[in-house]
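A quick write-up on the structure given underneath.
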2 protein chains.
Amino acid sequence: MEKSIKYKSHCPQYLGLDVFGDKWTLLIIRDMIIDGKRHFREFLSSEEKIASNILTNRLQALELEGIIRKESDPMHKQKIIYSLTEKGIDLFPILMEIAKWSIKYKEVDIEKAARANKIIKGGKETQQAIMKELKREHSPN
Amino acid sequence: MEKSIKYKSHCPQYLGLDVFGDKWTLLIIRDMIIDGKRHFREFLSSEEKIASNILTNRLQALELEGIIRKESDPMHKQKIIYSLTEKGIDLFPILMEIAKWSIKYKEVDIEKAARANKIIKGGKETQQAIMKELKREHSPN
DNA sequence: AAAACTGATTTCATTTTGCAAGCAGAAAAT
DNA sequence: ATTTTCTGCTTGCAAAATGAAATCAGTTTT
């Protein structure tokens, strides 16, 4: 993720990968979209075990990019709720295509594959319904 | 891309990102799929200017992963032709979803956006036709 | 008052990347 | 025939990113 240096190109794939082309960023988005995670410690506890400094760095970058939003939990002054913007929710189709490919070619956990396949077989409508629901869940305030 | 160490999880997104979750890998695939590039020097000449050692590294990893195939050019003994396997061609939908997102949120080159939008609007059929054609072009021998 | 939990920071070793130059071999040009 | 150019690829080294562990100051909970 570049700070705001000049872009190397204006190719659509490059511009996307410049934002989320690394090992962790899309996994954080996955945590939020698929697993409904919202707090720092939840992200830390994911199977892949991201380091806390990297997590902090990515959350900041994602907020700066306008993909997530930081809000303080009204119920717990010290807790911070991370939620997705529309820009973040729109990464969902990318996550699904990655899942599709992995299910075909890698040894994906059978339950997770089943869960993903349900959405894939549901087609565009199912996917849009999920995204619509996500937009409600993640709406500000 | 991990050598063959234990996977951190069997989550579909993680397993995919473990293969192509970096700045360069999908750009090489883009070069092959979108721009029809087949030779080392062609990849080197892309706008984003990948370093030659990184390129070598990624091409090796992609071959090891079974995403690309190396063949020597019968017309030019010293030239090597890199082509896509089915596993590589199946990354095309991911590239398209990334393009879709970038066109919506980033300053994508207008001509490249138009080219991508044509495919997007063509729907699943257009996409499948392109992939079928790619499979012919990239078939071994 | 102590303990546990919050998001984050610090330190430091390891790994990955970026950059520039250079390589041997093959083909093309002179 | 010999120089020049082109091929995929390597090397050396600096810079940046990552990983791991310990630690932090507040805030809740016990």
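Proteins get letters first, then strands, A, B, ... in listed order; numbering begins at 1 in each. Atom set for the values below is all heavy atoms of this structure, side chains included, hydrogens, waters and symmetry mates excluded. As the structure is a prediction and not an experimental result, all values here were calculated from the model.
D/dT29 atom P lies 11 Å from atom CG of A/D73, rounded to whole Å. The NZ atom of A/K79 sits 12 Å away from the C1' atom of D/dT29 (whole-angstrom rounding). Between the CD1 atom of A/I28 and the P atom of C/dG7 there is a distance of 13 Å, given to the nearest Å. Note: CG (B/L44) to C1' (D/dG8) measures 9 Å, nearest angstrom. Atom CG of B/L59 and atom P of D/dT10 are 11 Å apart (whole Å). For A/E42 and C/dA8, the CD to C1' distance is 16 Å, given to the nearest whole Å. Here the C1' atom of nucleotide D/dT7 and the NZ atom of B/K37 are 16 Å apart, to the nearest Å. Summarising the geometry, the separation between CD1 on A/I80 and C1' on C/dC5 is reported as 14 Å, rounded to the nearest angstrom.
The B/H39 side chain lies nearest to D/dG8 when the options are D/dG8, D/dC9, C/dG7.
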Are there any protein N/O atoms within less than 3.5 Å of an N/O atom in nucleotides 1-4 of chain C, and if so, which ones and at what distance?
none

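A donor-acceptor pair shorter than 3.5 Å can be found between the side chains of B/S83 and B/R69.
Residues satisfying the side-chain contact (heavy atoms from CB on, under 4.5 Å) test with B/K79, not counting sequence neighbours, are B/H39, B/D73, B/H76. For A/E42, there are no salt bridge (Lys or Arg N to Asp or Glu O under 4.0 Å) partners at least two apart in sequence or on another chain.
A/R58 and A/D22 are joined by a salt bridge, as a carboxylate oxygen and a charged side-chain nitrogen come within less than 4.0 angstrom of each other. With respect to the salt-bridge test (charged N to carboxylate O, under 4.0 angstrom), the residues A/R30 and A/E48 qualify.
Taking 4.0 angstrom as the limit, B/K70 places a side-chain polar atom (N or O) nearer than this to OP1 or OP2 of D/dC9. Here B/Y82 reaches the OP1 or OP2 of D/dC9: one of its side-chain N or O atoms lies under 4.0 Å away.
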Seminar exercise, completed: Whether each nucleotide of nucleotides 18-27 of chain D has a protein heavy atom under 4.0 Å at its base (B), only at its sugar-phosphate (S) or at neither (-) is summarised, 5' to 3', as SBBBB---BB
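Crowding of A/E63 atom CD: a count of heavy atoms from other residues, nucleotides or ligands under 6.0 Å exceeding 12.
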When the side chains of residues 113-121 of chain A are checked against the rest of the protein, which donor-acceptor pairs come out under 3.5 Å, sequence neighbours left out?
residue, atom, partner, partner atom, Å
A/R115, NH2, A/I34, O, 2.7
A/N117, ND2, A/A113, O, 3.2

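A chain of hydrophobic side-chain contacts below 4.5 Å, direct or via other Ile, Leu, Val, Met, Phe, Trp or Tyr residues, connects B/M131 to B/I68.
Evaluation of the salt bridge (charged side-chain N to carboxylate O under 4.0 Å, His left out) test over residues 84-98 of chain A, restricted to residues two or more places apart or in two chains, returns A/E65-A/K87, A/E86-A/K135, A/E86-B/K104, A/D90-B/K104, A/E97-A/K100.
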